[in-house]
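Step one of this worksheet: look at the structure below.
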Amino acid sequence: MSYGKSVKVILSPGGILPGGVIYEQVQVSDTVQYAIKSPKKEGLEPSIEVGEHVVYRPLSPSPWVLPSPPKPYGTLEQLWQRVRTYSYEHIDFEYDTQYDVYTAWILADWTPERWDTVPYLWFTGPTNSGKTRCLDVLAQLCYRPLLSPSVSAASIYRALDAFHPTFLLDEFEMYEKMRELKAEVIGVLNAGYRRGQVVLRTDKVRDGAPMLRGFDVFGFKAISSIEELPTATRGRTIPFIMSRAVRKVKRLIDKKTAAELRAMLLQYRFDMVLKSPPTGKPLDLPDGRLIELYTPLTMVAPKNVENTILGYARKEYETTLEEERDTEEAKVYLTLAELLSQKVRLRIPQADIREKINFAVPEKEQFSKQKVGLILKRLGFKSKLGEGRLKEVVVDPEVLRRRAQRYTTLEERKKVEKIIMLLHKYTLDTQDTQDIGERFADIDSPPSTTAATYATYVSSDVTLTKCNSNNSNNGISPTKFLANEQKKQRLDDVNQHEKNVDSEKFSTRNTVVTVLPLQANPFQFPLNGISL
């Protein structure tokens with residue numbers, strides 16, 4: 001068919017048009033046509049006319065293997081089992097659960113429009129462990145699979161932006177010697193897992209000035225590599241550790257069965273792509289990134305498989321956590337948390353951390369003073385000079401909590417929360433907060449009438465009474481700090497024991513702190529530390 005000059009011809013692999021028209025190019029004998037589903041009709045068309053001036057035509061030849069026209073698949077459970085069985089016949093995964101994750105990824109991949117974030121699959125292991133086979137199977141079953149062991153940066157940007165294929169990247173380690181290209185590929189991978197993120201590159205030069213363009217690189221991707229991925233990229237993946245097959249799998253790819261499955265998966269796309277994902281509570285997973293990665297997989301899985309996939313996610317989290325705990329940052333953080341569990345305080349000498357972390361460690365492997373300081377800084381903790389001009393770590397409760405999310409188990413995190421609770425009780429609403437922190441930070445076993453005791457009891461309502469050490473008559477009475485009836489009642493509760501307890505005075509620098517002692521500790525934790 002020929003078109004006039006006023007008609008714009010657009011080469012397109014498929015998409016969604018206004019009015020709920022879904023179209024996708026398919027293989028029909030020796031020709032490429034569009035399979036179309038709309039509220040008014042379903043069928044095959046060689047092209048699609050939009051108005052009087054725009055015509056969509058399929059890509060020919062197609063850069064990926066095409067499905068045939070849509071084919072009924074029965075129920076979701078039946079389609080799921082067919083895809084899972086095909087995967088099992090071609091790949092030997094270490095864990096049976098991995099077939100469910102792999103199958104869910106394939107189904108979610110056929111409706112990328114439904115997701116705001118998508119997970120990548122990462123297959124890693126030694127040579128001849130089945131990494132490339134995993135990509136070969138995906139190239140038969142995925143939505144617009146684009147498999148290439150060698151690509152240029154420009155071709156990646158343009159292909160992803162124009163066609164939104166499933167990008168299958170084999171032998172990632174080959175880019176190690178091409179640093180500039182590797183950096184470009186990593187940029188695409190890091191930006192492409194979340195919808196709306198673009199990669200800015202120079203597209204054209206107009207009137208002598210470069211024109212910037214944002215390339216949309218969002219979409220499902222799978223990677224194989226022998227070597228480790230960069231940390232940021234790995235955090236966007238679901239890793240599969242591969243090993244040589246120990247059971248018999250099909251040596252050649254079954255292309256005939258794959259063609260039937262692609263036709264069923266295309267029908268699945270037509271049925272599901274316009275449906276919004278179910279809304280509700282976030283997944284019960286311990287990490288925000290895990291929730292992002294596994295949400296699409298659980299949404300497409302049959303009900304009886306959801307918990308299996310979530311269990312795999314939790315297991316992966318534990319594995320990642322163990323790897324994180326072996327880093328230098330984790331070792332310093334966990335040492336800091338352990339010292340706080342022995343005695344809660346607002347400041348900890350860096351020397352204490354260094355001494356504990358280096359205990360029974362060979363001299364060559366010990367952490368230097370400078371190294372400990374730099375790691376604490378990377379973790380987000382600030383340092384100040386203490387007595388004797390020795391550096392001390394300022395224990396920020398919020399930094400402590402945030403790092404616990406990364407470096408601690410669920411049980412350890414509960415203990416950190418107890419520490420944080422006491423740290424907040426120790427933080428008083430007064431200009432002398434830091435001095436008070438120094439005051440009780442060094443107390444190992446304080447008597448019941450310490451500044452810490454008083455501060456813990458009334459810190460939420462009043463500040464410590466301050467008296468000028470040169471003229472105590474100018475001091476401020478504690479009752480003047482009580483702004484409401486609740487505060488007065490608390491003071492009365494303390495004063496009723498005055499006949500049996502003497503008031504104590506603590507002198508620090510130019511101030512005297514008047515302490516109102518308690519008969520008993522009103523909190524369940526010891527005030528000089530938490531027994532964890």
Side-chain angles (χ1 to χ4, degrees), residues 76-77 79-110 118-143 145 147 166 168-170 172 193 220-226 228-229 233-250 253-254 257-258 261 265 283 285-287 289-323:
L76 171 61
E77 289 75 12
L79 177 62
W80 176 277
Q81 193 57 48
R82 289 189 180 101
V83 175
R84 194 184 194 279
T85 299
Y86 185 89
S87 304
Y88 182 85
E89 291 173 346
H90 289 81
I91 305 169
D92 183 23
F93 287 133
E94 184 173 0
Y95 303 106
D96 186 68
T97 308
Q98 291 176 306
Y99 293 102
D100 291 315
V101 175
Y102 191 80
T103 301
W105 194 87
I106 292 172
L107 264 66
D109 173 60
W110 277 86
V118 296
Y120 300 159
L121 296 185
W122 173 38
F123 306 101
T124 184
T127 304
N128 296 325
S129 58
K131 301 184 299 297
T132 300
R133 167 54 70 95
C134 294
L135 296 184
D136 289 338
V137 173
L138 292 179
Q140 292 295 318
L141 300 183
C142 278
Y143 176 65
L147 173 62
T166 302
L168 308 177
L169 186 59
D170 197 11
F172 180 79
Y193 94 105
F220 286 79
K221 302 172 183 65
I223 311 159
S224 78
S225 70
I226 294 176
E228 185 78 14
L229 293 178
T233 305
R234 181 176 178 179
R236 291 152 170 77
T237 69
I238 298 175
F240 284 65
I241 310 301
M242 304 299 296
S243 58
R244 189 182 293 271
V246 295
R247 65 173 176 83
K248 187 176 181 180
V249 296
K250 290 187 176 182
I253 296 291
D254 182 357
T257 302
L261 288 174
L265 288 164
L283 299 182
L285 292 174
D287 181 78
R289 181 60 61 84
L290 280 180
I291 294 174
E292 289 183 331
L293 298 183
Y294 280 88
T295 292
L297 306 190
T298 57
M299 292 295 184
V300 301
K303 291 295 182 182
N304 62 330
V305 184
E306 286 184 21
N307 288 334
T308 302
I309 294 176
L310 289 176
Y312 184 82
R314 295 186 187 99
K315 183 178 178 181
E316 276 303 313
Y317 174 75
E318 293 173 2
T319 301
T320 303
L321 183 60
E322 286 301 318
E323 294 174 354

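Sequential numbering from 1 along the given sequence is applied to the chain's residues.
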Please lay out, stage by stage, how T295 and I291 fare under the test side-chain contact (heavy atoms from CB on, under 4.5 Å).
CA-CA 6 Å; T295 292; I291 294 174; 3.8 Å; yes

Kindly determine whether F123 and L138 satisfy side-chain contact (heavy atoms from CB on, under 4.5 Å), including the steps that lead there.
CA-CA 12 Å; F123 306 101; L138 292 179; 4.1 Å; yes

Under the side-chain contact (heavy atoms from CB on, under 4.5 Å) rule, what do L297 and L107 come out as? Steps first, then yes or no, please.
CA-CA 8 Å; L297 306 190; L107 264 66; over 6 Å; no

How close do M242 and D92 get, counting heavy atoms only, and between which atoms?
CE-O, 4.3 Å

Does T237 form a side-chain contact (heavy atoms from CB on, under 4.5 Å) with L121? I'd like the steps, not just the answer.
CA-CA 5 Å; T237 69; L121 296 185; over 6 Å; no

d(L147 CG, L169 CG) to nearest 0.5 Å is 9.0 Å

The residue among D170, T124, T132 that forms side-chain hydrogen bond (donor to acceptor under 3.5 Å, both in side chains) with S224 is D170

Is there a donor-acceptor pair closer than 3.5 Å between any side-chain N or O of T320 and the backbone N or O of E316?
yes

Ring centroid separation F220 to W105 under 6.0 Å:
yes

What is the distance from atom CD1 of I223 to atom OH of Y120, rounded to the nearest 0.5 Å?
7.5 Å

Measure the CD1-OH distance between I91 and Y102 for me, rounded to the nearest 0.5 Å.
3.5 Å

Which atom names give the shortest non-hydrogen contact between L285 and R314, and what distance separates them?
CD2-CG, 3.8 Å

Between K131 and S225, the two heavy atoms sitting closest are CD-O, 3.5 Å

So which atom in P119 and which in P296 form the shortest heavy-atom distance, rounded to 0.1 Å?
CD-CG, 4.3 Å

Is K248 salt-bridged to E89, cutoff N-O under 4.0 Å?
no

Give a yes or no on whether Y88 atom OH has more than 12 heavy-atom contacts from other residues, nucleotides or ligands under 6.0 Å away.
no

Within the 4.5 Å heavy-atom criterion, are L265 and L79 side-chain neighbours or not?
yes

Taking the side chain as every heavy atom from C-beta outward, state whether V137 and R133 have any atom pair closer than 4.5 Å.
yes

For S87 versus I106, what's the shortest heavy-atom pair and its separation?
OG-CD1, 4.4 Å

Donor-acceptor pair, side chain of T166 and main chain of Y143, under 3.5 angstrom
yes

What is the distance from atom CZ of F93 to atom SG of C134, rounded to the nearest 0.5 Å?
4.0 Å

Is the shortest heavy-atom distance from the side chain of R244 to the side chain of S129 under 4.5 Å?
no

Is the closest side-chain heavy-atom distance between Y294 and I238 below 4.5 Å?
yes

Residues T308 and D100: side-chain donor-acceptor under 3.5 angstrom:
no

Under the ring-ring contact (aromatic ring centres under 6.0 Å, His included) test, which residues partner Y312, sequence neighbours left out?
none

State whether the side chain of Q98 and the backbone N or O of E94 hold a donor-acceptor pair below 3.5 Å, judged by distance alone.
yes

State which residues pass ring-ring contact (aromatic ring centres under 6.0 Å, His included) with Y86; sequence neighbours excluded, sorted by chain then number.
H90

Which distance, rounded to the nearest 0.5 Å, do you find between the OG1 of T298 and the CG of L283?
4.5 Å

Any idea which heavy atoms bring A104 and I309 closest together, and the distance?
CB-CD1, 3.8 Å

Result of checking E292, R236, K221 against Y193 for side-chain hydrogen bond (donor to acceptor under 3.5 Å, both in side chains)
E292

Rounded to the nearest 0.5 Å, the OG1 atom of T257 sits from the NZ atom of K250 at a distance of 5.5 Å

Donor-acceptor pair, distance only, cut-off 3.5 Å: does the side chain of T85 make one with the backbone of R82?
no

